[in-house]
*Asks:* 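Questions regarding the structure given below will be posed in turn.
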Amino acid sequence: MKKIADVVVDRLFKYMNEQNLTQYKLAQLSGVPFPTIKSIMQRRTKDITLKTIIMLSDGLGITPSEFLNNDDFLAINIELN
């Protein structure tokens, strides 16, 4: 089972690749500091807040619902400890 942070990183990679965005550009668009995004992408950040998800989603031009709309986020598919 994946951890929440791993699923978030997978989703970020998906949307960033689709839009040809760098981590730095996403930081500019979202308002999330570049070091925070870098830490998330390197899987060093374990607890990603809803506020960060909302800001990243906005920077990607999607709703938080779209970002979270993936079966990997279902309780049966994710490690919640």
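Not measured: the values here are computed from a predicted model.
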*Asks:* Look at atom CG of Asn17 and say whether more than 12 heavy atoms of other residues, nucleotides or ligands are closer to it than 6.0 Å.
*Replies:* yes
*Asks:* Find the distance between CG (Asn20) and NZ (Lys25) and round it off to the nearest 0.5 Å.
*Replies:* 11.5 Å
*Asks:* Just to verify, which of Leu56, Asp58, Thr52, Leu50 counts as forming a side-chain contact (heavy atoms from CB on, under 4.5 Å) with Ile54?
*Replies:* Leu50
*Asks:* Honestly curious: do Val8 and Leu74 fall in one hydrophobic cluster under the side-chain, below-4.5 Å linking rule?
*Replies:* no
*Asks:* Using 0.5 Å steps for rounding, measure from the CG atom of Asp10 to the CG atom of Asn70.
*Replies:* 8.5 Å
*Asks:* Do Lys46 side-chain atoms and Arg43 backbone N/O form a donor-acceptor pair below 3.5 Å?
*Replies:* yes
*Asks:* Hey, what's the ring geometry for Tyr24 with Phe34, parallel, tilted or perpendicular (30° and 60° as the breaks)?
*Replies:* perpendicular
*Asks:* I would like to know whether Val32 and Leu26 meet side chain to side chain contact (heavy atoms under 4.5 Å, CB included); could you show each step before the answer?
*Replies:* CA-CA 8 Å; Val32 175; Leu26 180 57; over 6 Å; no
*Asks:* Hey, are the side chains of Gln23 and Met16 touching, using non-hydrogen atoms and a 4.5 Å cut-off?
*Replies:* yes
*Asks:* If I take atom CG from residue Leu29 and atom CD from residue Gln19, how far apart are they, to the nearest 0.5 angstrom?
*Replies:* 8.5 Å
*Asks:* Heavy-atom count check: over 12 atoms from other residues, nucleotides or ligands less than 6.0 Å from Lys38 NZ?
*Replies:* no
*Asks:* Please report the interatomic distance CE(Met1) to CG(Leu80), rounded to the nearest 0.5 Å.
*Replies:* 8.0 Å
*Asks:* Do Ile48 and Ile4 come within less than 4.5 Å of each other through their side chains, counting heavy atoms only?
*Replies:* no
*Asks:* If Ile, Leu, Val, Met, Phe, Trp and Tyr residues are connected whenever their side-chain heavy atoms lie under 4.5 Å apart, and connections chain through other members, are Ile40 and Phe13 in the same group?
*Replies:* yes
*Asks:* Taking atom CG of Leu21 and atom CG of Leu60, what is their separation to the nearest 0.5 Å?
*Replies:* 6.5 Å
*Asks:* Measure across Arg11 and Glu66 and return the closest heavy-atom pair with its distance rounded to 0.1 Å.
*Replies:* NH2-O, 3.0 Å
*Asks:* Is Ser57 reaching over with its side chain to a backbone N or O of Ile53, donor-acceptor style, under 3.5 angstrom?
*Replies:* yes
